[in-house]
There are 2 protein chains.
Amino acid sequence: MKLSTKGKYGVKALFELAMNEGAGPISLRTIAERQGLSEHYLEQLAAPLRRAGIITAVRGAQGGYMLARPASQITVGDVIRVLEGPVGYTDCSTEGEPDPECASTCPVHGVWERVTQEIIKVIDSITLQDLVEQALADRGNPMYHI
Amino acid sequence: MKLSTKGKYGVKALFELAMNEGAGPISLRTIAERQGLSEHYLEQLAAPLRRAGIITAVRGAQGGYMLARPASQITVGDVIRVLEGPVGYTDCSTEGEPDPECASTCPVHGVWERVTQEIIKVIDSITLQDLVEQALADRGNPMYHI
DNA sequence: CCCAATTCCGAGTAACAATATCGGGATCGC
DNA sequence: GCGATCCCGATATTGTTACTCGGAATTGGG
């Protein structure tokens with residue numbers, strides 16, 4: 001029912017890369033420190049993201065990762081799919097992997113499909129660029145509670 | 001990220017009760033047979049649903065369960081919340097249990113909140129009555145694929 | 001009044017996933 | 001060459017999932 005840390009950390013990490021777009025590679029150590037995550041764990045997330053062509057790696061000292069394409073062309077959904085697999089509210093209503101029997105016999109299946117579609121709509125509509133712009137706007141316009 | 005069997009089976013079971021609304025109690029054995037579920041496992045789902053006042057039990061022979069209120073007044077969301085806990089796409093964006101630190105510091109938090117709201121919108125808008133009507137409509141109007 | 005059907009209750013469990021941690025090898029700028 | 005970094009695979013711990021099992025309490029029908 002809930003997103004695991006893979007998806008959450010992955011998007012946070014890529015947001016960090018998007019914030020530093022064009023400024024050369026950023027090391028996992030830097031990302032881990034800035035976002036408060038485990039460096040070794042981030043390695044596990046970086047590998048599939050690199051293989052999926054979302055980020056590129058620069059090895060060696062002063063190396064790190066960069067976005068493989070502009071932040072405006074990477075959606076939150078792209079990242080989640082790589083790290084969590086196909087999106088779906090249930091495993092019988094997962095995009096690209098429909099369960100034909102469930103779809104034709106289960107009277108509730110339509111509900112799960114509708115929820116899945118709404119989830120997809122949101123995560124596919126938000127790019128890393130959007131997150132950066134929102135963060136910059138918030139930074140200039142902070143909310144002071146109480 | 002995905003609904004567990006608890007929520008899925010629970011809604012299927014309650015759909016079965018809704019289909020037989022007003023026809024006296026239905027036993028778990030009957031539900032299990034009709035929906036192809038484990039009877040013992042359904043017991044575990046029935047207990048919290050009863051305690052939450054969604055279904056009522058009739059003990060003894062010829063006993064079973066009935067909806068505690070009309071099917072038109074029970075939403076899919078009601079059932080899911082009882083069986084899976086508060087709704088949320090992440091544990092930091094779960095309804096009624098906001099993570100204040102995450103909400104104010106995480107640049108991605110707004111995305112999770114938006115997804116959570118969309119999920120809630122769908123599951124709270126569909127009642128058991130809707131499912132029954134849809135099932136009856138489908139039954140009179142079956143889709144023949146191929 | 002007895003019996004079978006049923007709800008009710010709590011424990012146990014096997015398999016799997018989540019969330020890391022660890023060690024070491026490959027690569028590269030300085 | 002050296003230290004920073006990516007890269008890869010193994011391991012560990014913990015929690016969750018999806019059940020299973022055994023038996024007690026309750027009640028309508030014969």
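A quick note: this is a predicted structure, and the numbers were derived from the prediction, not measured. Each chain gets a letter, A, B and so on, in the order its sequence line appears, and its residues count up from 1.
- At whole-Å resolution of the value, NE2 in His40(B) and C1' in dT17(D) are 18 Å apart.
- On the nucleic acid side, DNA chain C has its first and last nucleotide under 4.0 Å of a heavy atom of chain A at dT19(C) to dG29(C), going 5' to 3'.
- Remark on DNA chain C: of its neighbouring residues Ala61(A) and Thr5(A), the 5'-side contact belongs to Thr5(A), judged by nearest-heavy-atom nucleotide.
- Look at CG on Leu42(A): it is 14 Å from C1' on dT5(D), rounded to the nearest Å.
- A heavy atom lying under 4.0 Å from DNA chain C marks the following residues of residues 43-60 of chain A, by number: Gln44(A), Arg59(A), Gly60(A).
- Taken from NE2 in His109(B) to CD in Glu101(B), the straight-line distance is 10.5 Å, to the nearest 0.5 Å.
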Extract all donor-acceptor atom pairs below 3.5 Å that involve side chains of residues 55-64 of chain A and protein atoms in other chains or at least two apart in sequence.
none

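- Distance Arg29(A) CZ to dA4(D) C1': 8 Å, rounded to the nearest Å.
- More than 12 non-hydrogen atoms from other residues, nucleotides or ligands lie less than 6.0 angstrom from CZ of Arg81(A).
- The ring-ring contact (aromatic ring centres under 6.0 Å, His included) pairs that include a residue from residues 45-74 of chain A number zero, where partners must be two or more places apart or lie in different chains.
- In the region residues 16-28 of chain A, proximity to DNA chain C at under 4.0 angstrom, judged on heavy atoms, holds for none of the residues.
- A straight line from CD of Glu39(B) to P of dG22(D) spans 15 Å, rounded to a whole angstrom.
- Counting only residues at least two apart or on different chains, the ring-ring contact (aromatic ring centres under 6.0 Å, His included) pairs with a member in residues 22-43 of chain B are Tyr9(B)-Tyr41(B).
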